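Just below is one structure, and these are the notes that go with it.
Just so it is clear, the structure is predicted and the values come from calculations on it, not from any experiment.
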Amino acid sequence: MHPNEKVIQDFYAAFGRKDAEGMIACYDREVWFSDPVFLDLKGEEAFAMWRMLTSRGKDLTLEVSGIEADDTSGKAHWDARYTFSQTGRKVLNRIDARFTFRDGKITRHEDSFDLWKWAGMALGLKGQLLGWAPPVQGAIRKNAAAGLRAFMKKS
């Protein structure tokens with residue numbers, strides 16, 4: 001196994017334990033993270049996002065597959081099952097992750113998933129009907145960013 005594959009395994013093992021600090025230990029201090037909801041997070045913002053998500057994800061379970069890595073890059077697929085706290089609705093989010101490494105740490109982490117499908121599961125009928133629309137997706141991102149800012153202020 002390539003050492004960077006082990007970093008990815010360690011990252012998701014920590015995530016499965018809801019151990020944000022273990023996840024953060026796999027990251028470079030200046031890591032860049034992005035996904036369809038949390039766009040363009042750097043360093044402490046990314047760390048705070050994982051702390052927030054692991055603290056709120058009471059019933060979160062992960063299934064990770066397809067881990068591959070070489071000296072500079074890697075990828076994985078992961079399925080997250082959880083209850084979306086704002087609506088109480090069950091979500092199964094299927095996510096593809098891409099990583100960039102330097103000196104045994106993740107420097108870039110980009111997750112991709114279908115935000116419309118996520119909105120349908122998390123928000124119900126409104127998300128199913130309108131989750132494709134830029135204003136709805138913008139509102140999802142705005143609410144997530146506000147939640148992250150509030151979490152960071154409390155921490």
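- Between K42 and D40 a salt bridge is recorded (basic side-chain N to carboxylate O distance below 4.0 Å).
- At least one side-chain heavy atom of R29 sits less than 4.5 Å from a side-chain heavy atom of I24.
- A distance of 11.5 Å separates CG of L148 from NZ of K153, quoted to the nearest 0.5 Å.
- Taking the side chain as every heavy atom from C-beta outward, I140 and L123 approach each other to under 4.5 Å.
- Scored by the side chain to side chain donor-acceptor pair (under 3.5 Å) test, Y12 finds W78 as partners (sequence neighbours excluded).
- Below 30°, between 30° and 60°, or above 60°: for H109 and F11 the angle between ring planes is above 60°, a perpendicular geometry.
- Side chains of T83 and D59: a donor on one and an acceptor on the other come within 3.5 Å.
- With a 6.0 Å radius and a threshold of 12 heavy atoms from other residues, nucleotides or ligands, E30 has its CD atom at or below the threshold.
- Note that CG of N4 is 12.0 Å distant from CZ of R102, once rounded to the nearest 0.5 Å.
- The line from CG of L62 to OH of Y82 is 11.0 Å long, rounded to the nearest 0.5 Å.
- At least one donor-acceptor pair under 3.5 Å links the side chain of R141 to the backbone N or O of P36.
- Atom CZ in R98 sits 9.0 Å away from atom CD in E68 (nearest 0.5 Å).
- To the nearest 0.5 Å, atoms NE2 (H2) and CG (D71) are separated by 4.0 Å.
- One finds the CG atom of L60 at 11.0 Å from the CZ atom of R81 (value rounded to the nearest 0.5 Å).
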